[in-house]
Amino acid sequence: MDKHFNPAKIEAKWYEFWEKTGQFKADPEQPGEPYCIVIPPPNVTGILHMGHALNNTVQDVLARWRRMQGRNVLWLPGTDHAGIATQNVVEKALGTDGKSRQDLGREAFIDRVWQWRFQYGDTIVNQLKKLGCSCDWSRERFTMDEGLSRAVAEVFCSLYEEDLVYRGNYIVNWSPRCGTALADDESEHEPNEGHLWHVRYPVAGQPDAFVEIATTRPETLPGDTAVAVNPKDERYTHLHGKYVILPLSNREIPVVVDDYVERDFGTGVVKITPAHDPNDFFVGQRHDLPALNIMNDDGTMNEHSGYDGLDRFECRKKIVEDLEKGGFIVRVEPYTNSVGHCYRCDTVIEPRLSKQWFVRMQPLAKPAMEAVRSGRVKFTPKRYENVYFTWMENIRDWCISRQIWWGHRIPVYTCTCGHEWATPATPEECPKCQNSSEEISQETDVLDTWFSSWLWPFSTLGWPEKDSRDLKFYYPTSDLVTAPDIIFFWVARMIMAGCKFMNEPPFSNVVIHGVVRDSEGRKMSKSLGNSIDPLDIISKYSADSLRFSLMQITAPGVDLHVDMGKFEIGRNFATKIWNAARFMMMHAEKVPFFDWQDVAANGIKLEPSILRDDDKHILYACSKTIETVTSSLGKYRFQDAALAIYDFIWANFCDWYLEYAKGNLYGGDDVRLRQTMLILADVFGKALRLLHPFMPFITEELWHAMGFGDDEESIMRAPWPKPYSASQNSKWSVSEEIYNFVESKREMITAGRALRADSNLPPSQEITFAVNAISSKVQNKMQEDLEYIKKALRAGSIEFSSEPLSGFPFTTCALGAIGIPLEGLVDVEAEKIRISEEINKLTGFLKTVEAKLDNETFLSKAPQKIIDQQKARREELLADIERQKKILELSDK
RNA sequence: GGGGGAUUAGCUCAGUUGGUUAGAGCACUUGCUUGACAUGCAAGGGGUCACUGGUUCGAGUCCAGUAUCUCCCA
């Protein structure tokens with residue numbers, strides 16, 4: 001075996017092995033309680049970024065853990081068709097040939113997108129495999145698949161029948177670049193440094209009278225159909241019922257009175273442009289104002305504007321110029337407001353009046369809220385439930401139509417006879433007048449991609465096929481793992497769809513993890529150039545390192561700050577494990593017929609009479625670690641689980657137990673050698689299994705290399721470790737007491753090492769240590785382990801003394817004092833100062849303890865347990881101080 | 001403007017129901033070719049837990065306010 005773990009050699013090998021032997025494949029006919037995760041489908045255009053790496057590592061940890069626990073696990077993968085994004089990619093490619101999608105026509109263009117999908121659409125899927133994801137690829141789904149498309153059509157038609165979808169003239173977020181409407185949450189608000197123009201509108205019939213309005217968007221002025229004031233604003237009471245003259249167009253428009261107007265904003269008079277501002281749209285509805293559309297759908301002005309063909313931002317300049325010429329501009333001030341941007345192409349959103357399809361959300365939201373309120377769906381961390389409720393309570397209808405070609409075309413048909421209906425299948429004739437299909441035309445818009453994603457947890461399992469085995473067995477799914485930014489887009493809507501169409505919410509737990517950021521806390525993005533490519537990390541450090549490092553630094557719902565250095569944690573850990581394994585294998589060779597597989601399968605039988613405290617300590621610590629890792633995973637506390645296993649393997653197993661075990665491994669006593677190997681193998685085998693969900697590749701490699709399992713078996717199907725049983729512990733006299741004793745012994749060894757370092761004695765020099773144990777029992781116990789203690793201290797000998805130590809450097813710890821008795825080694829004066837300082841410190845602590853114990857209310861109100869603790873502490877401190885004082889006296893002699 | 005979160009060692013973060021002297025990793029200092037590992041071993045320095053009040057016998061932990069940062073919504 002190499003000195004360093006070489007991941008490149010084994011990752012592909014094991015992934016292929018897992019796939020070939022069907023380890024990921026779920027089967028509802030097999031035993032085990034179902035455990036199902038559906039992947040948040042990445043865009044088919046996507047490439048793996050750190051967010052995906054985190055998201056999918058979390059899912060894989062859960063899937064692998066549950067599989068080892070014996071659950072019947074399905075992790076269902078797939079991608080979504082990302083309507084706008086994918087269409088943009090293909091259009092861009094066409095553009096390099098100087099063509100547009102219109103040149104190709106709808107059908108040919110969609111063919112082109114499918115071609116693209118088959119050629120490039122598996123990129124992210126292959127990258128997920130590199131990460132080690134244990135998805136059941138035989139069930140991979142795509143939102144444009146036949147089955148999922150059927151689900152979309154069924155759902156649309158059923159909502160249509162129930163009057164839960166409707167078509168309406170409505171103000172929507174329009175992306176002029178993408179040429180489509182967007183849902184509210186696809187419009188991202190960003191601060192925009194603009195201006196506030198104060199413009200005078202003459203009052204009709206009153207020469208020289210003006211009102212002054214303030215606007216950030218003068219280009220919409222030709223579309224004004226009113227100005228508005230707040231009813232309570234006394235400055236403008238005289239204008240109620242009057243008309244003003246719109247500059248440039250010279251149209252008369254009314255002054256309306258509406259609560260929406262903020263008196264403190266600008267001048268307290270606002271222009272109302274119902275066709276180009278969402279708020280104005282509602283004002284317009286309330287006051288029955290006409291909506292005058294002055295723009296084309298590509299963001300240029302139209303013939304109603306008086307600036308026909310001019311781009312909206314050019315027009316802004318031109319209108320300001322014209323207003324200035326006409327003397328209408330009063331003043332201009334800089335102003336920063338929040339402006340919506342297209343989440344796909346980042347162009348400024350243009351609110352636009354158009355015919356769109358909507359889903360009525362309120363009836364769907366009610367049961368979905370109830371599902372969370374009743375605890376049938378739980379969020380981790382819980383505070384995200386508030387985010388969910390706030391959004392649900394203020395829910396607005398969902399604009400689901402998109403004016404693009406790539407997506408599920410809305411299954412609504414119109415006959416020349418005027419009849420309109422929705423049906424999942426292409427109609428042969430009009431159900432009303434029996435006209436033939438030539439007379440029937442289908443709606444040209446397609447559906448929002450999220451309209452297919454919200455069905456994901458059941459459409460992927462076979463719905464609307466009612467007797468799908470998968471659906472019956474795996475629905476509702478168990479855990480949904482996602483980032484906080486799509487709680488609205490996706491999670492909330494899935495809950496609504498599940499409640500509506502399955503009568504049951506789609507999952508029990510929503511696990512929200514943080515957003516991956518760079519070391520300065522910025523979101524990773526291509527434009528900032530601060531992205532770290534997970535694939536680079538995998539090739540540089542290994543998939544295991546990437547996974548472990550991410551898990552080790554991720555707290556529930558808290559953002560992660562990532563830099564390259566973080567991945568060394570995982571790499572170094574892998575090397576450490578690798579070497580520990582190498583070491584054990586080397587020694588196992590000395591044991592005749594040593595059977596790793598038997599250890600893993602049947603556990604170990606130990607001879608209690610030769611078990612030592614350090615053996616019992618590692619057995620106890622192993623049980624504790626199993627408990628911690630298991631319970632942490634159950635609470636989605638991945639960091640706690642990762643840290644527990646890291647600390648156990650590195651700090652406990654390698655740093656102390658392996659060092660202790662060397663005595664037995666090199667000692668020449670075959671019985672002891674064999675027993676020590678049994679303990680090493682069992683504990684390490686359990687540790688490998690605990691670690692497997694986090695580091696699947698290296699654990700699989702070692703599982704086989706060491707011989708824990710048959711060639712064709714995988715560690716991922718090995719049972720999840722259990723703590724040693726009560727009867728084993730009692731047989732081996734493993735207890736917390738012995739664990740604590742060994743901890744104290746280690747404390748004393750550390751103190752001894754520190755003394756050596758402080759005294760500048762080279763590690764190679766085998767010096768004598770003196771020990772004054774606090775009791776003869778402790779002394780006896782230490783004598784049992786003397787060889788090991790000597791080795792750990794690199795001591796030539798250890799002298800036990802019944803008298804308190806003095807006259808040379810020493811340290812007091814829980815089991816007694818340890819020192820280095822070398823004449824002339826110590827500067828007596830310096831030592832006296834050190835001891836005095838120690839006494840001062842102890843006295844300080846004693847004071848705080850005594851203050852508590854002297855406090856009547858403390859004694860009457862604090863729990864007895866705490867009081868006893870404090871009393872014990874006082875006794876310890878008093879004894880300690882007494883001892884130190886005695887030493888000080890002795891050194892004075 | 002409304003809401004959420006954060007503020008603990010130089011850096012990134014733990015600290016679960018309030019209860020000994022607040023932890024880890026990285027970085028730093030010192031020593032070490034220790035019979036698995038220098039991607040390592042051993043030892044060490046470093047914190048008025050953002051600030052101000054309050055509740056409590058007791059506050060990093062609970063409450064209120066202030067400041068700064070951050071996210072979401074409008």
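All values below were derived from every heavy atom in this structure, side-chain atoms included, with hydrogens, water molecules and symmetry-related copies excluded. Naming: A, B, ... by sequence-line order, numbering from 1 per chain.
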- Tell me: CD of A/Glu659 to C1' of B/A43, nearest whole Å? 16 Å
- Presence of A/Arg753 side-chain N/O under 4.0 Å of B/A43 phosphate oxygens OP1/OP2: yes
- Query: Counting side-chain heavy atoms from C-beta on, which of B/U56, B/A14, B/G19 comes nearest to A/Ala862?
  - Reply: B/G19
- Which is true for A/Met585 with a 4.0 Å heavy-atom rule: it touches a base, it touches only sugar-phosphate, or it touches nothing? nothing
- Message: For a quick check of understanding: with a heavy-atom distance under 4.0 Å over all strands, which category does A/Pro762 fall into, base, sugar-phosphate or nothing?
- Response: nothing
- Looking only at B/G25, B/A14, B/A36, the nucleotide nearest the A/Arg637 side chain is B/A14
- Hey, does A/Ile553 reach any base, or is it just sugar-phosphate, or nothing, if we go heavy atoms under 4.0 Å? nothing
- Task: Tell me which nucleotide among B/U16, B/C57, B/C37 gets nearest to the side chain of A/Arg582.
- Result: B/C37
- Closest non-hydrogen atom pair, A/Asp640 against A/Ser632: CB-OG, 3.5 Å
- Message: Expressed as a whole number of angstroms, how long is the span from A/Phe548:CZ to B/U39:C1'?
- Response: 15 Å
- Query: Tell me: CD1 of A/Ile645 to P of B/G25, nearest whole Å?
  - Reply: 16 Å
- A/Asn855 has an atom CG; how far is it from atom P of B/G19, in whole Å? 18 Å
- Task: Quick one: look up who B/C49 pairs with, Watson-Crick or G-U, both distances under 3.5 Å, and put none if it's unpaired.
- Result: none
- OP1, OP2 of B/U20 versus side-chain N and O of A/Lys852: anything below 4.0 Å? no
- Item | Whether A/Tyr646 and A/Trp650 hold their rings parallel, tilted or perpendicular, with breakpoints at 30° and 60° | tilted
- Query: Is the distance from OP1 or OP2 of B/C41 to the nearest side-chain N or O of A/Trp650 less than 4.0 Å?
  - Reply: yes
- Item | Nearest-angstrom distance, P atom, B/U16 to B/A22 | 15 Å
- Task: Take the protein atom CZ of A/Phe638 and the nucleotide atom C1' of B/A14, then report the distance between them rounded to whole Å.
- Result: 16 Å
- A/Pro763 side chain: which of B/G31, B/G15, B/A36 is closest? B/G31
- Message: So, OP1 or OP2 of B/U39: does either fall under 4.0 Å of a side-chain N or O from A/Asn579?
- Response: no
- Under 3.5 Å donor-acceptor pair, A/Gln552 side-chain atoms to B/A14 base atoms: no
- Query: Between A/Arg396 and B/C73, does any side-chain N or O lie under 4.0 Å from OP1 or OP2?
  - Reply: no
- Item | Candidates B/G25, B/C57, B/U39 - which lies nearest the side chain of A/Lys861 | B/C57
- Residue whose closest nucleotide on RNA chain B lies nearer the 5' end, A/Tyr646 versus A/Trp656: A/Tyr646
- Query: Is any NZ, NE, NH1 or NH2 atom of the basic residue among A/Glu350 and A/Arg217 found under 4.0 Å from an Asp or Glu carboxylate oxygen of the other?
  - Reply: yes
- Task: Classify the side chain of A/Lys3 and the base of B/C37 as holding, or not holding, a donor-acceptor pair under 3.5 Å.
- Result: no
- Message: Around atom NZ of A/Lys790, are there more than 12 heavy atoms from other residues, nucleotides or ligands closer than 6.0 Å?
- Response: yes
- Message: From C-beta outward on A/Ala757, which listed nucleotide comes closest to its side chain: B/C37, B/A43, B/U39?
- Response: B/A43
- Return no unless some side-chain N or O of A/Thr750 is found under 4.0 Å from OP1 or OP2 of B/A42. no
- Message: Counting the atoms with a prime plus P, OP1 and OP2 as sugar-phosphate, which does A/Ala754 contact under 4.0 Å by heavy atoms, base, sugar-phosphate, or nothing?
- Response: sugar-phosphate
- Message: Checking ring-ring contact (aromatic ring centres under 6.0 Å, His included) between A/Phe573 and each of A/Phe548, A/Phe648, A/Phe567, which is the one that passes?
- Response: A/Phe548
- How are the rings of A/Tyr660 and A/Tyr788 set relative to one another: parallel (under 30°), tilted (30 to 60°) or perpendicular (over 60°)? perpendicular
- Between A/Ile272 and A/Val283, which heavy-atom pair has the shortest distance, and what is it? CD1-CG1, 4.0 Å
- Length of the line joining A/Asp647:CG and B/A24:C1', which is rounded to integer Å: 9 Å
- Are any of A/Tyr666's side-chain N or O atoms less than 4.0 Å away from OP1 or OP2 of B/A36? yes
- Query: With sugar-phosphate meaning primed atoms plus P, OP1 and OP2, does A/Asn394 contact a base, only sugar-phosphate, or nothing at under 4.0 Å between heavy atoms?
  - Reply: nothing
- Atom CG of A/Asn173 to atom C1' of B/A74: distance rounded to whole Å? 13 Å
- Item | 5' priority, RNA chain B, between A/Met586 and A/Val849 [closest heavy atom] | A/Val849
- Here the distance between atom C1' of B/A74 and atom CD1 of A/Ile395, to the nearest Å, is 16 Å
- Looking across every strand, which nucleic acid part, if any, lies under 4.0 Å from A/Arg794 by heavy atom: base, sugar-phosphate, or nothing? base
- Query: Stacking between A/His4 and the base of B/C37 (centre distance under 5.5 Å, interplanar angle under 30°)?
  - Reply: no
- Quick one: label A/Ile487 by what it contacts on the DNA or RNA (base, sugar-phosphate, nothing), any heavy atom closer than 4.0 Å. nothing
